[in-house]
There are 2 protein chains.
Amino acid sequence: MFLEINLESEIPIYTQIRNEIIKGIALGQLVEGDGLPSVRQMAIDMGINMHTINKGYNFLKQEGFLSIHRRKGVVVNGPDKYRYNAAFLEILTENLSPIIIEAYTRGVRTDTIERVIKKILLSVSVPVEGGDHD
Amino acid sequence: MFLEINLESEIPIYTQIRNEIIKGIALGQLVEGDGLPSVRQMAIDMGINMHTINKGYNFLKQEGFLSIHRRKGVVVNGPDKYRYNAAFLEILTENLSPIIIEAYTRGVRTDTIERVIKKILLSVSVPVEGGDHD
DNA sequence: TGTATTGTTATACTAATAGTATAACAGCCC
DNA sequence: GGGCTGTTATACTATTAGTATAACAATACA
């Protein structure tokens, strides 16, 4: 696995694992049916405790990104398992609000904010005029 | 003070205080020179410990939003004291990335994400076609 | 000049969370 | 049946959030 984890970050390790795997799915590096390393193996690879990995995997399982089987291990789900709904859009708004409002208050103009958003989206997708993901 | 604080939230109280005051500045409810309640008074009003308020105030002080004097109390700064710079834009990108990437991965289309952003900005500013803040 | 109010600092305590460390349990493919 | 999987339980350390007192230091103001 090629997860970029920063042990010094204030962001919990299991959260970083979660975010990196979601990013891997966004980039197409992880697709439906792909298997992930076992909690023990990844723990060894990353020099991190097994339970921390397991915690990250379980968040992703609960959110629909992964399926977990006793012996088969951890497998990436298809998009239908983690497609967004109205509730997600509400949480998204709640999470974005303080960040966006701070930027606005600090004088970042609307078009600059949108440029930042576009840059992030471009880092994870192929730009297609008028087109989109899925 | 009219800060909306949720004691049950996973977000630390002092962070909520910080965000609410920044929001107050964005809305124009707090402008340069305005005084805020003393740490003791606000602690009483909100039923929260003095140190928690103080922690929130000090974050805002360190970030340039507030000035704090021994006896005069806490005062809102002018925009020049908290205007963004290049470093802020980098942190902004870092903070937005996992949220935006997750939304994208879950199938939220680019224009939907931008609609959410616009909704947040509208909640805090007066819509002006082609114009902007400041 | 006092005095009261301000933010500040120090100390101590509880509760919750992150992370580590072992160990054992249970499903299941080969 | 052996070995690998995720799972669960327990225990421990470190850090953070929040509370609770108390005292200190600057300073506006009567």
Side-chain angles (χ1 to χ4, degrees), chain A residues 1 3-21 30 33-77 81-82 95 98, chain B residues 1 3-22 30 33-77 81 95 98:
Chain A
M1 264 297 130
L3 308 187
E4 289 179 18
I5 303 297
N6 177 10
L7 298 180
E8 312 304 318
S9 169
E10 61 180 355
I11 301 170
I13 296 172
Y14 63 84
T15 301
Q16 294 185 52
I17 291 173
R18 190 198 87 110
N19 291 342
E20 285 289 302
I21 289 177
L30 291 173
D34 279 357
L36 271 68
S38 74
V39 290
R40 287 176 176 81
Q41 188 57 51
M42 182 171 273
I44 293 170
D45 291 350
M46 303 177 59
I48 290 170
N49 190 273
M50 184 195 72
H51 292 97
T52 305
I53 311 288
N54 194 249
K55 197 167 177 180
Y57 276 179
N58 270 285
F59 270 105
L60 290 162
K61 171 189 176 187
Q62 195 179 341
E63 295 169 330
F65 291 105
L66 303 178
S67 285
I68 301 180
H69 310 79
R70 278 281 172 186
R71 159 98 184 145
K72 207 161 56 176
V74 180
V75 178
V76 177
N77 282 337
K81 294 296 199 311
Y82 50 81
N95 291 338
Chain B
M1 263 296 129
L3 308 188
E4 289 180 18
I5 303 296
N6 177 11
L7 298 180
E8 311 305 318
S9 169
E10 60 179 355
I11 300 170
I13 296 171
Y14 63 83
T15 301
Q16 294 185 53
I17 291 173
R18 191 198 86 111
N19 291 342
E20 286 289 303
I21 289 177
I22 291 176
L30 292 173
D34 280 357
L36 271 67
S38 73
V39 290
R40 286 176 177 80
Q41 188 57 52
M42 182 171 274
I44 292 170
D45 291 350
M46 302 177 60
I48 289 170
N49 190 273
M50 184 195 72
H51 293 97
T52 304
I53 310 287
N54 194 250
K55 197 168 178 178
Y57 276 179
N58 271 285
F59 270 105
L60 290 162
K61 171 189 175 188
Q62 194 179 343
E63 296 169 330
F65 291 103
L66 303 178
S67 286
I68 300 180
H69 310 79
R70 277 282 173 185
R71 159 101 183 140
K72 208 161 57 176
V74 180
V75 177
V76 177
N77 281 337
K81 293 296 198 312
N95 291 339

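Predicted model, so just to flag it, every value in this text is computed and none were measured. Quick note on labels: first sequence line is chain A, next is B, and so on, each numbered from 1.
Contact detail for B:M50 and B:V39: the closest heavy-atom pair is CG-CG2, 3.8 Å.
Straight-line distance from the NZ atom of B:K72 to the C1' atom of C:dT8: 18 Å, rounded to whole Å. For the pair A:I5 CD1 and C:dA18 C1', the interatomic distance rounds to 14 Å; values are reported in whole Å. Look at CG on A:L36: it is 14 Å from C1' on D:dG6, rounded to the nearest Å. The nearest whole Å value for the distance from the CE atom in B:M42 to the P atom in C:dT5 is 19 Å. When the C1' atom of C:dT6 is taken as reference, atom NZ of B:K61 falls 13 Å away, rounded to whole Å. Distance A:R18 CZ to C:dA18 C1': 17 Å, rounded to the nearest Å. A straight line from CD1 of A:I53 to P of D:dG6 spans 11 Å, rounded to a whole angstrom. Look at NE2 on B:H69: it is 12 Å from C1' on C:dT6, rounded to the nearest Å.
Note that the CD1 atom of A:I21 and the CG atom of A:L30 stand 7.0 Å from one another [nearest 0.5 Å]. For the atom pair B:I53 CD1 and B:L3 CG, the distance stands at 8.0 Å (nearest 0.5 Å).
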Just list the side-chain donor-acceptor pairs under 3.5 Å for residues 58-67 of chain A, sequence neighbours left out, or say none.
unit_1 : atom_1 : unit_2 : atom_2 : d
A:N58  : ND2    : A:N54  : O      : 2.9
A:N58  : ND2    : A:N54  : OD1    : 3.1
A:E63  : OE1    : A:R18  : NH1    : 2.7
A:E63  : OE2    : A:R18  : NH1    : 2.6
A:S67  : OG     : A:N77  : OD1    : 2.6
A:S67  : OG     : A:N77  : ND2    : 3.4

Could you encode protein contacts along nucleotides 14-26 of chain D as a string, one character per nucleotide from 5' to 3', using B for base contact, S for sugar-phosphate-only contact and - for no contact, with a heavy-atom cut-off of under 4.0 Å? ---SSBBBBB-BS
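A close approach under 4.0 Å does not occur between any side-chain nitrogen or oxygen of B:N58 and OP1 or OP2 of C:dG7. Within the structure, a side-chain polar atom (N or O) of A:S38 is placed less than 4.0 Å from OP1 or OP2 of D:dT5.
For the side chain to side chain donor-acceptor pair (under 3.5 Å) test, residues two or more places apart in sequence or in another chain that qualify with B:H51 are B:N49. In this structure, the side chain to side chain contact (heavy atoms under 4.5 Å, CB included) partners of A:S38, at least two apart in sequence or on a different chain, are A:R40, A:Q41.
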